[in-house]
Protein chains: 2
Amino acid sequence: MATSSIKEVARRAGVSIGTVSNVLNRPDLVAPATRQRVLDAITTLGYVRNDSARQLRAGQSRTVAVVVLDVANPFFTDVVRGAEAALDNSGAMVIVCNSDENPVRERRHLDQLEEQRVRGILITPVDNGSNERLEQLIRNGIPVVLVDRGSRTRNRCSVAVDDVLGGRLAVTHLIETGHRLIAFVGGPTSIAQVADRHAGAAAVAAERRDVKLSVLEMPALTTAFGRMAGEKIADLPAGRRPTAVFCANDLLALGVLQEMTRRGLAVPGDVAIVGYDDIEYAAAAAVPLSSVAQPRELLGRTAAELLYGEINDGENHRHRQVVFEPELVVRDSSAR
Amino acid sequence: MATSSIKEVARRAGVSIGTVSNVLNRPDLVAPATRQRVLDAITTLGYVRNDSARQLRAGQSRTVAVVVLDVANPFFTDVVRGAEAALDNSGAMVIVCNSDENPVRERRHLDQLEEQRVRGILITPVDNGSNERLEQLIRNGIPVVLVDRGSRTRNRCSVAVDDVLGGRLAVTHLIETGHRLIAFVGGPTSIAQVADRHAGAAAVAAERRDVKLSVLEMPALTTAFGRMAGEKIADLPAGRRPTAVFCANDLLALGVLQEMTRRGLAVPGDVAIVGYDDIEYAAAAAVPLSSVAQPRELLGRTAAELLYGEINDGENHRHRQVVFEPELVVRDSSAR
DNA sequence: GCGGCTGGTCGAATCGTTTCAAGGAGAGGG
DNA sequence: CCCTCTCCTTGAAACGATTCGACCAGCCGC
């Protein structure tokens, strides 16, 4: 019942504590006969190492934390998957903390993690307010890698995806398939990702005289608001109605798609649609959705590798800012 | 840089170690002036408690683990959410472990968690093989609550949803809206959930002479196989074609829906569809999908509460097996 | 036969906390 | 003025592991 300690194992095997520890950590130092005796004692007692004591002695834990904005978001679950894959056989254990876009929760998690002396942290911070706390962690010797946020200051590693490029890709594709009247359906511009995606889209549109990009700014990036945006678009007279819509994420796009179908407008015949994120359900929509895909797993994997490097290189580590390129996946919703 | 210990705080504040500890844990025992001096020392040194030492002394940690089959599955993320909510102000910290339906990974996590002396574990085990390991944990004094699996043996708590009832609800609804030729699209019957849902559906169908339930067993519960099932159904001549389809999960249902739309069959006009799980995208489908919803957050919350009870009641705890009822959500895809 | 070496084992120190019995300084009562 | 009581504070003993110098017994070579 009460889990037994190394001391009892030692007594039962008739050896010293140090020898038991050696069996556990450097078995080749111990004579085979003794080793076997100790192992037997361990199994009969059902001994389980106490990790707290181990860590206390070692001065740090073997776990790495990933702090995400939303565990339910497929984007982050894939990032976590990537990170886990990268750290799988490094002896480290990955734990996932969910800040839920709540600065207070984030703060609490970071405090906890520091108390636990985690080996390192991968984090997508809720806002820029977290910066001071993160600086502190770094000063205290805990490596931090930023995920999906480029780092302005060069004193940490970060991985991100080029959202401006993503916007360019989407709109370039729409122009190439013949569209001239294009709508951008976005969310609050306070979200950096939304702003960047729009910037890319606008830049491409501005390069051509005959292309016009209108903007619909919705309060949030949900299907419900997508439907609402769809209504507004469908209500326009055929001549002034955009023939293509680029949405800041897939949920918006699904909403728009749904509304078009309901109104009897053909996709992509009357209106082409391109989303962003390439979530699993994008491909499964009634009309499979074109979307700008981000290398989610790769993002997590790379972040983990940077962290791993930082942990091992120690003082002479050079921080790196990695930026990935998104990729356009063309499906039926924007086929010619 | 090197994080400072309680000892240095004590020296800097000119008090003993014990006093610093008291400031941290029972501040009212310390004279205000002293307390302030200690707090100042703590902030100037940037002292952070060492949780390992704390736990070592305490004998157990303050964390509770949730071991899920798939972090990316919305079902589990909601369960986790519920558990977090229930434990939020109990001082416990929730960590999420992902077994990825892999017994080896599951085993490794359980080992790690036992070494960490976690307070308790919520788990959806990969298979019945885990049972022995779980028994062991329980014997060693770590409370375990099963999630989404009823416990046969009465020696632990569990929470589950009545899948047989879910099947009944779906088919009863279809019969009431006038359907007589109904298809069940399922997955491998080795999955208990699938078997139960089918059992419920079959039971209701058997109660009426004029109702016929055919079964399509697909290899996996994905949209791709849903489309395939859709093909088979659409290929049938109109007279023998089922007028309603009940799918073992929403992904299958979305696949079927997609194929119907592609073939020009109206949903629900020609074929009504009911799914299972009520995932977020069910409501967002081109034709909003009727689905059997499980109380996912409630499941997590209840599991956490049972665990909490078990932790606190100690010896005189009585294990309970809680079963929740699913609920049918009717949307357009099966509207009359 | 003796010095040195090697392989195996031991014991003690250490990590950073918490807890608790014990002590000390004032204050208040007799 | 002394005794008692309260309030603070202290110091030492855990908790369970790891690590490292010391020790001991054989064995080898000279």
Side-chain angles (χ1 to χ4, degrees), chain A residues 2-39 41-42 45-63 91 111-112 114-119 140-141, chain B residues 2-39 41-42 45-63 91 111-112 114-119 140-141:
Chain A
T3 15
S4 46
S5 78
I6 203 175
K7 208 184 298 179
E8 300 167 53
V9 174
R11 193 153 46 82
R12 177 150 194 130
V15 298
S16 79
I17 289 179
T19 301
V20 177
S21 177
N22 279 338
V23 170
L24 259 29
N25 303 303
R26 298 113 99 197
D28 38 322
L29 284 192
V30 182
T34 321
R35 193 193 311 154
Q36 194 51 53
R37 210 144 29 92
V38 172
L39 289 176
I42 286 178
L45 286 173
Y47 165 74
V48 177
R49 244 214 210 86
N50 185 325
D51 201 50
S52 312
R54 199 167 149 74
Q55 277 185 206
L56 171 57
R57 189 75 233 286
Q60 62 177 346
S61 78
R62 301 182 324 290
T63 72
D111 290 349
Q112 278 257 16
E114 192 176 8
E115 290 193 357
Q116 289 185 41
R117 304 287 191 272
V118 291
R119 259 301 186 63
N140 288 347
Chain B
T3 16
S4 46
S5 77
I6 204 177
K7 208 185 297 181
E8 299 166 54
V9 174
R11 193 154 47 82
R12 178 152 193 128
V15 297
S16 79
I17 289 179
T19 301
V20 176
S21 177
N22 279 338
V23 170
L24 258 28
N25 302 303
R26 296 113 101 201
D28 38 322
L29 285 191
V30 181
T34 321
R35 193 192 312 154
Q36 194 52 53
R37 210 144 29 91
V38 172
L39 288 176
I42 286 177
L45 285 174
Y47 164 74
V48 177
R49 242 214 211 87
N50 184 325
D51 201 49
S52 312
R54 198 168 151 72
Q55 277 185 208
L56 172 56
R57 188 75 233 282
Q60 61 177 347
S61 77
R62 299 182 326 291
T63 73
D111 290 348
Q112 278 258 16
E114 193 176 7
E115 289 194 358
Q116 288 184 41
R117 303 289 190 271
V118 291
R119 260 302 188 60
N140 287 348

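Each chain gets a letter, A, B and so on, in the order the sequences are listed, and its residues count up from 1. In this text the structure is predicted, and so the values were computed from the model without any measurement. These numbers come from the heavy atoms of this one structure, side chains and all, not from hydrogens, waters or symmetry mates.
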Considering heavy-atom distances to DNA chain D, does A:Ala58 or B:Asn22 have its closest nucleotide positioned more toward the 5' end? B:Asn22

Any residue in residues 46-56 of chain B with a heavy atom nearer than 4.0 angstrom to DNA chain D? Just list them by number, or reply none. B:Leu56

By the 4.0 Å heavy-atom rule, please label B:Ser21 as base, sugar-phosphate, or nothing. base

Ignoring hydrogens, what is the shortest heavy-atom contact between A:Asn140 and A:Glu114? Give both atom names and the distance. ND2-OE2, 2.6 Å

Atom CZ of B:Arg11 and atom C1' of D:dG11 are separated, to the nearest Å, by 17 Å

Identify the two heavy atoms, one from A:Leu24 and one from A:Arg49, that lie closest to each other, and give their separation to 0.1 Å. O-NH2, 3.9 Å

In terms of side-chain heavy atoms of B:Ala31, which of D:dT18, C:dT9, D:dT9 is nearest? D:dT9

Side chain of A:Lys7 - closest among C:dT19, C:dT9, D:dC15: D:dC15

Without decimals, in angstroms, what is the distance between A:Asn25 CG and D:dA17 P? 11 Å

Axis-to-axis angle across the helix from C:dG1-D:dC30 to C:dG30-D:dC1, five pairs an end, to 10 degrees? 50°

Whether A:Arg35 side chain and A:Val23 backbone form a donor-acceptor pair below 3.5 Å: no

How many angstroms lie between atom CD of B:Glu115 and atom CD of A:Gln55, to the nearest 0.5 angstrom? 10.0 Å

Rounded interatomic separation in angstrom, taking CG from B:Leu29 and C1' from C:dA21: 14 Å

Between B:Val48 and A:Arg117 the two heavy atoms that sit nearest each other are O-NH2, 2.8 Å

Please report the shortest heavy-atom distance between A:Asn25 and A:Arg54, naming the atom on each side. OD1-NH1, 3.6 Å

Would you mind reading off the distance between B:Gln116 atom CD and D:dG16 atom C1', rounded to a whole angstrom? 16 Å

From B:Arg11 CZ over to B:Ile17 CD1, what is the distance, rounded to the nearest 0.5 angstrom? 10.5 Å

To the nearest 0.5 Å, atom CG of A:Asp51 lies from atom OG of A:Ser61 at 8.0 Å

Kindly state which residues belonging to residues 12-20 of chain A come within less than 4.0 angstrom of DNA chain D, counting heavy atoms of the residue only, listed by number. A:Ile17, A:Gly18

Ignoring hydrogens and geometry, is there a side-chain-to-backbone donor-acceptor pair from A:Arg12 to A:Ala41 under 3.5 Å? no

Closest heavy-atom pair, B:Tyr47 versus B:Ile6, reported as atoms and distance to 0.1 Å, is CE1-N, 3.5 Å

Distance in angstrom units between B:Leu24 CG and C:dG16 C1', rounded: 12 Å

Please tell me if the side chains of B:Val15 and B:Val38 come closer than 4.5 Å, counting only heavy atoms from C-beta onward. yes

Please find the pair of heavy atoms, one from A:Thr19 and one from A:Thr34, that lie closest to each other, and give the distance. CG2-CG2, 4.2 Å

Measure from CD1 on A:Ile6 to P on C:dC10 and round the result to the nearest Å. 13 Å

In whole Å, I'd like the distance from the CD atom of A:Gln36 to the P atom of C:dT9. 13 Å

Between C:dC15 atom P and B:Glu8 atom CD, what is the distance in whole Å? 11 Å

Less than 3.5 Å between a donor and an acceptor, one on the side chain of A:Arg57 and one on the base of D:dT18, is that the case here? yes

